[in-house]
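Everything below concerns the one structure shown next.
In the text below, chain A, chain B and the rest are named by the order of the sequence lines, each starting its count at 1.
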Amino acid sequence: MSSTFAPPEALTKVPFHYCPGCTHGIIHRLVGEAIDRLSIRERTIGVASVGCSVLAYNYFNVDMQQAAHGRAPAVATGIKRVLPDRVVFTYQGDGDLASIGLAELVHAAARGERITVIFVNNANYGMTGGQMAPTTLLGQITTTTPSGRAVKEAGYPLRVVEMLATLEGPVYLARVSVHDPANVIRARRAIIKAFEVQLQDLGFALVEVLSICPTNWGKKPVEALSWLKEHMLPVFPLGEFRAVS
Amino acid sequence: MKVLMKGNEALAEAAVRAGCRCFFGYPITPQTELLEYLARRLPEVGGVFLQAESEVAAINMVYGAAGAGARVLTSSSGPGISLKQEGISYLAAAELPCVIVNIMRGGPGLGGIQPSQADYFQATRGGGHGDYRVIVLAPASVQEMADLAVLAFELADAYRNPVMILGDGILGQMMEPLELPPFKEDLPAREWATDGCRGRARRIINSLYLDAEELERHNLRLQEKYRRIAEREVRWEEYLTGDAQVLVVAFGTCARIARATVKAARSEGIRAGLFRPITLWPYPYRQLQAAAASARAVLVVEMNAGQMVEDVRLALEGRVPVHFYGRTGGMVPASGAVLQELRRIGGVGRVQHVRPA
Amino acid sequence: MTHEIIVAGFGGQGVLFTGQLLAYAALAEGREVSFIPSYGPEMRGGTAHCAVVISDEEISSPLVEEPTAALVFNLPSLARFEPRVKPGGLLLLNSSLVHRPVQRNDLLVYRVPASEIAAGLGLDRVANMVMLGAYLALSRAVSPETVRRLLEEKIFARSPQLLEVNRQALEAGERYTGSLALGA
Ligand SMILES: Cc1ncc(C[n+]2csc(CCOP(=O)(O)OP(=O)(O)O)c2C)c(N)n1
Ligand code: SF4
């Protein structure tokens, strides 16, 4: 195994454009490490979504496609059906995956597409400047819920992993977080598993990673990490929701 | 009293004042301030603001709300407007009034977020399937973002037709002083809305006509309406066209740049003028032809690859050579570069056709 | 007279705020005005700029191609806007952060150690107000008095402490170039 500090081969040397302290960077690294660890770099195709990670194609040192907003699971389906022996993953935010792209996601999962979805939940739309996402917590202030998300107007946060767990298609579903080192290690393990089940041709895999958005939450990175722990964990419990024995 | 506002916000406030109490949308740069403004503003006046899960959902919420009799607004930019096209076709077919705002950014595809006018074809030529028309208004200032919003709702109601306001990133983001329109209280009655059939025969809002003859009759009726709109609702502005030997044709932000250029050209002795279409559909064909009466050359300036050139050529019927200067991808034409073009084509004798790629 | 102004620096240096303040002041004086901000992800720690036009006549184009003045808060903005200033125009540099010499010799260049002056007032963030004060002393694009009134009545009406340092910063900037202008 490579040493912890050497950058993974599956990441390019291009510096990230993410805001200081944003955990998109850590999650990129975990995905890169998983690809290295499984030695699949040269047969992996990644699909970038639309969100702050829209430039992911610059960072993952593998073949990449850029999808329209929300459509990454459909694009990944297309790739995987043409190249079944390749490894295909998507990297999507919560607006992309759980709002505009929910239909594509649910149907890819229901079909049991052999793809790996990395789902970054930061409880808002980062790229466009902090609007409400489907995962925004009740009472959370965003630019489109200026007095806090209220049930009457904007309903409840969506728990994607739990929802997908009602389907037969997914074989691996986990929710992890990156707010402290112990959780980062668990997140790494989950992401590796989500690729392994694809290598074993078992079915659809998704890892939801709770992440911070210091810029739009209006918090310093350290404060944002504790906000995640305090407020997001109770709504989005961590753990494996579907796993192969 | 004049207030200083962003174009996006001025449009939003004007919509509220025009009696719009209903907005469905999805965030996208550079129109997001419109959505964010209404998220705050509509609840204050007892209105409905809903951030939809996608533009596809948003435009179908518009369909439902318009059918229920509301003055309803949605807004987006290129990629989102593309997703709305199916819904717009249904709205036009079912003759539902609504206002759709497109604050254009550079395309195609995901493109960029800088200002553009590259959705001209999409806006004026339909965009969705079937034989339908959308009234398209092109503001060129923050004041017009507000004024045309009011007009848009009126036209939508008058003709039971979707109206699109076609702005660009600069108009959306720019701040200028404006006079806000007054609040409108009494909205026209909606004798066709599906709001419950108590005490009357039931109503249906629909775009399905399985019988071809019947569908043709429906189409003919729509065409007759479009003809009426084209006859009555053409709007445009002229600046120093009376004796113009070179006529610039531009809309939106480009018209502002062109106006500065025309001024500069005049000070050099070039007899330049500006024709600015305000309605892009219906296009002011006859009015442009009249304005170009003294022109030896016409220059179309756009933030796209020359989409409006087609309409200008249709208007001029080959009588005057049509030149084009444009920038794409979010680049904005510099008035210096436009002036260069004016000098070139405004010079004596030399006339040359420049075809857009 | 038409003032065409570019304000440019890092996001977070108050560049857009400075431009907006100018625009509000112009409106308060009953002048014609337009303001265009840069927008999008360049806000994210990158550079930001805005274009303000203030005039006594109707403004044809709100776009600023050849500014009559550029207020430059950081080095990348100097590289970007120095070549665009109108010959004879004003180039105001925050010399605390911009060290390199100016290449053109057809501009009026003023170096204002705005960040240092702001730090001296106890709040780094008001460097933008120092720059604005310096610019107004030189150009009179709007009256500094109008800006002060806006700060007092509108912007910091409810935070006397912020009002005080912003006002001090504005005045420090005015004094700084005011004296230079007299000396020249
Ligand atoms: C059809 C369409 N609608 C809207 C947009 C604008 N848009 C870009 S990113 C984004 C939201 C991204 O949020 P999320 O997926 O949560 O990712 P994050 O930025 O938070 O990482 C939106 C709405 C677009 N590009 N295309
Ligand atoms: S806006 Fe939020 S999610 Fe996007 S890079 Fe910045 S911190 Fe990360």
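- Heavy atoms of B/Ser335 lying under 4.5 Å from chain C belong to its backbone as well as its side chain.
- Distance check: B/Gln114 CD to C/Ser38 OG gives 8.0 Å after rounding to the nearest 0.5 Å.
- For a residue to count as touching a neighbouring chain, one of its non-hydrogen atoms must lie under 4.5 Å from one of that chain's; by this rule B/Pro115 touches chain C with backbone and side chain alike.
- Nearest heavy atoms, B/Ala260 versus C/Ser61: CB-CB, 3.8 Å.
- To the nearest 0.5 Å, atom CZ of residue B/Arg256 and atom OG of residue C/Ser34 are 7.0 Å apart.
- Counted within 6.0 Å of CZ on C/Arg125, heavy atoms from surrounding residues, nucleotides or ligands total 12 or fewer; the atom is thus considered open.
- Residue with the most contacts toward chain C among B/Ile257, B/Val262, B/Thr29, B/Thr32: B/Ile257 (heavy-atom pairs, distance under 4.5 Å).
- The two residues B/Thr253 and C/Leu63 make their nearest non-hydrogen contact at CG2-CD1, 3.9 Å.
- If you measure heavy-atom distances from B/Val332 to chain C, the contacts under 4.5 Å come from the side chain alone.
- Heavy-atom neighbours of chain B within the stretch residues 87-104 of chain C, taken at a separation under 4.5 angstrom, are nonexistent.
- In terms of heavy-atom pairs under 4.5 angstrom with chain C, the leader among B/Gly336, B/Ala334, B/Gly112, B/Gly7 is B/Ala334.
- Considering CE of B/Met5 and CZ of C/Phe35, their distance stands at 14.5 Å, rounded to 0.5 Å.
- For the atom pair CD1 (C/Ile59) and CZ (B/Arg259), the distance works out to 12.0 Å, reported to the nearest 0.5 Å.
- For C/Tyr39 (side chain) and B/Ile113 (main-chain N/O), a donor-acceptor pair under 3.5 Å exists by modelled atom type.
- The existence of a salt bridge linking B/Lys263 and C/Glu58 is excluded, since no basic side-chain nitrogen approaches an acidic carboxylate oxygen closer than 4.0 Å.
- Pairing each heavy atom of B/Pro177 with each of C/Val33, the nearest pair is CD-O, 3.1 Å.
- Atom CD of B/Glu44 is surrounded by more than 12 heavy atoms from other residues, nucleotides or ligands within 6.0 Å.
- At a heavy-atom cut-off of under 4.5 Å, chain B is reached by no residue from residues 165-172 of chain C.
- Going from atom CD1 of C/Ile36 over to atom CD of B/Glu176 covers 8.0 Å, rounded to the nearest 0.5 Å.
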